[in-house]
Amino acid sequence: MDYDVVVLGAGGMGGAALYHLARRGARVLGVEQFTIPHDRGSSHGISRIIRLAYWEHPEYVPLVRRAYDLWRELERTTGESLLTVTGSVDGGRPGSRPIDGALAACRAHGLEHELLDAAALARRFPGYRLPLDHVAVFQPDGGFLHAEHCVVAHVEAARALGATVHTGEQVTGWTAAGGSVRVVTTRGVYEAGRLVIAAGAWLPRLLPAVARSIAVERQVVMWTRPLRPELFTADRFPVFYIDTPHGAFYGFPDDPSRGFKIGKYHHRRELTDPDEVDRTCSPEDEATLREGIVHYFPDANGPAAATSVCLFTNTPDEHFVIDRVPDRPEVVVAGGFSGHGFKFCTVVGEMVADLVLDSSSRRLDLFAIDRCVHR
């Protein structure tokens with residue numbers, strides 16, 4: 001065989017899988033259809049939120065704790081600064097899912113936290129203006145990852161350990177049987193013992209069995225020049241996720257090169273094709289994001305500095321898929337990260353390496369592929 005493992009995709013998840021496989025001694029090939037990094041998928045740009053008060057499901061908290069450890073380890077390995085701590089704010093009405101879930105996660109896992117009403121939040125962090133009937137859970141360990149630096153760090157660390165990485169090479173097909181796989185690309189054919197599919201929004205094409213369950217969604221973020229930039233520096237403004245009457249918004253402190261960053265979770269709920277997505281920011285896109293700024297961060301409502309379009313790859317329940325493919329034990333899939341996966345890249349890479357290299361390793365039921373497979 002040419003390799004022990006072939007990994008399809010070398011973005012956030014694929015790059016992490018390459019690294020963790022290579023550090024365990026596997027002969028591994030990564031195949032990326034674009035450059036590293038690139039701006040066509042879900043892992044590009046300057047920042048992604050990382051937070052411990054994980055309201056989506058309590059099983060995520062141990063995983064994100066492990067992810068923090070692995071991000072810091074990767075920083076030491078590469079000499080790169082990858083994670084900035086600002087604290088995190090989860091906001092919403094009392095009794096809402098984000099508030100109850102964040103509090104439950106903090107209490108169950110002994111996380112340091114504070115429950116603040118809207119007035120107390122504004123006194124502590126004057127850039128925030130939540131409605132008076134809202135509250136916020138502040139958790140001091142939250143922050144953001146320097147996304148593209150993280151992608152490059154994993155891939156370069158994998159290369160340093162002997163991994164081979166091809167860019168500008170598209171996969172046209174694969175087969176698996178009898179303990180081996182065969183991958184066909186626009187450049188050649190590769191034989192290996194195992195295959196990892198970490199192709200982001202292109203997952204439905206490479207694994208048609210999940211195509212009916214995976215929805216690719218257009219997502220837009222915007223940076224503005226704050227009217228009062230001193231309120232939005234990283235030492236005075238935590239990253240946030242707020243569930244409001246105008247929708248769920250998330251965002252970041254002022255970046256010197258770009259400004260204050262905001263996105264609306266599920267933006268305008270536009271399903272798309274990853275090769276045909278509209279990558280321009282329309283007036284409707286900006287208006288959607290301005291609504292969040294005007295109501296909840298008015299001192300950030302300056303001129304637009306930049307916009308960016310990325311992709312969510314959503315499962316029906318918005319939990320991940322990290323599992324072996326049914327009837328194809330040679331193939332492991334890592335996908336469906338539903339807009340909240342990047343923070344987990346390090347630990348997902350470790351989990352993928354376990355599934356590939358250790359036949360006794362079991363996936364978490366939360367991430368079972370059976371939820372998404374149509375036979």
Side-chain angles (χ1 to χ4, degrees), residues 7-18 30-50 80 82-84 144-156 158-159 165-171 186 197-206 214-224 250-252 255-268 270-282 284-286 288-289 304-314 334-345 348:
V7 178
L8 307 186
M13 300 303 174
L18 283 168
V31 181
E32 169 57 55
Q33 64 177 325
F34 302 115
T35 58
I36 301 172
H38 63 82
D39 63 358
R40 318 312 288 172
S42 304
S43 299
H44 61 281
I46 59 176
S47 55
R48 293 293 187 277
I49 288 173
I50 186 167
E80 295 282 337
L82 303 174
L83 194 165
T84 297
F144 62 89
L145 294 156
H146 303 264
E148 290 187 1
H149 292 289
C150 293
V151 172
V152 172
H154 267 137
V155 172
E156 291 306 312
R159 281 175 163 150
V165 183
H166 294 179
T167 60
E169 184 171 355
Q170 289 185 315
V171 175
T186 50
I197 303 177
W202 288 265
L203 172 61
R205 295 186 190 174
L206 291 173
I214 301 293
V216 178
E217 182 182 16
R218 178 177 178 269
Q219 184 71 15
V220 181
V221 295
M222 179 171 68
W223 290 262
T224 63
Y250 59 92
F252 303 76
D255 178 85
S257 67
R258 289 280 187 99
F260 165 83
K261 178 182 175 182
I262 190 169
K264 184 177 182 180
Y265 200 60
H266 294 307
H267 193 54
R268 295 167 58 207
E270 298 172 276
L271 300 185
T272 190
D273 181 296
D275 289 323
E276 298 178 6
V277 59
D278 181 0
R279 296 189 178 275
T280 61
C281 181
S282 69
E284 292 79 11
D285 290 324
E286 181 168 345
T288 297
L289 299 172
T307 59
S308 180
V309 174
C310 69
L311 300 171
F312 283 4
T313 308
N314 301 319
F337 291 99
S338 303
H340 66 111
F342 192 91
K343 63 185 72 65
F344 296 96
C345 285
V348 169

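By convention here, the first residue in the shown sequence is residue 1. The figures here come from the full heavy-atom set of this structure, side chains too, leaving out hydrogens, waters and symmetry mates.
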*I46 and W223: side chain to side chain contact (heavy atoms under 4.5 Å, CB included), yes or no, with the steps?*
CA-CA 11 Å; I46 59 176; W223 290 262; 3.8 Å; yes

For the [atom1] atom of [X] and the [atom2] atom of [Y], what is their distance to the nearest 0.5 Å?
X	Y	atom1	atom2	value
D255	F260	CG	CZ	12.5 Å
T224	E286	OG1	CD	9.5 Å
F337	N314	CZ	CG	12.5 Å
F342	S43	CZ	OG	5.5 Å
L289	K264	CG	NZ	8.5 Å
L82	C345	CG	SG	11.0 Å

*Does the side chain of T272 pick up a donor-acceptor pair with the side chain of E270 at under 3.5 Å?*
no

*How about D285 and T288: does a side-chain donor come under 3.5 Å of a side-chain acceptor?*
no

Please name the pair of heavy atoms, one in [X] and one in [Y], separated by the smallest distance, quoted to 0.1 Å.
X	Y	result
I49	G251	CD1-O, 3.9 Å
L271	A215	CD2-CB, 3.9 Å
L311	A201	CD1-CB, 3.7 Å
G15	V155	CA-CG2, 4.0 Å
G336	I214	CA-CD1, 4.4 Å
V216	P274	CG1-CD, 4.4 Å

Would you check if the side chain of [X] reaches a backbone N or O of [Y] as a donor-acceptor pair within less than 3.5 Å?
X	Y	answer
T186	E169	no
R218	D278	yes
E148	G45	yes
K261	S47	yes
R48	G341	no

*Just jot down the side chain to side chain donor-acceptor pair (under 3.5 Å) partners of E276, sequence neighbours excluded, or say none.*
none

*Between H38 and F34, how do the two ring planes meet: parallel, tilted or perpendicular, split at 30° and 60°?*
tilted

*asked:* Please verify the inter-ring angle class for F312 with Y265; under 30° counts as parallel, over 60° as perpendicular, anything in between as tilted.
replied: tilted

Are the side chains of [X] and [Y] in touch, meaning some heavy atoms are under 4.5 Å apart?
X	Y	answer
Q219	C310	yes
D275	R205	yes
L145	K343	yes
H146	T84	yes

*Check the pair C281, M222 against side chain to side chain contact (heavy atoms under 4.5 Å, CB included), reporting the backbone distance first and the verdict last.*
CA-CA 9 Å; C281 181; M222 179 171 68; 5.6 Å; no

*Just wondering, are more than 12 heavy atoms of other shown residues or ligands nearer than 6.0 Å to NE2 in H266?*
yes

*Which residues satisfy the salt bridge (Lys or Arg N to Asp or Glu O under 4.0 Å) test with E156, sequence neighbours excluded?*
R159

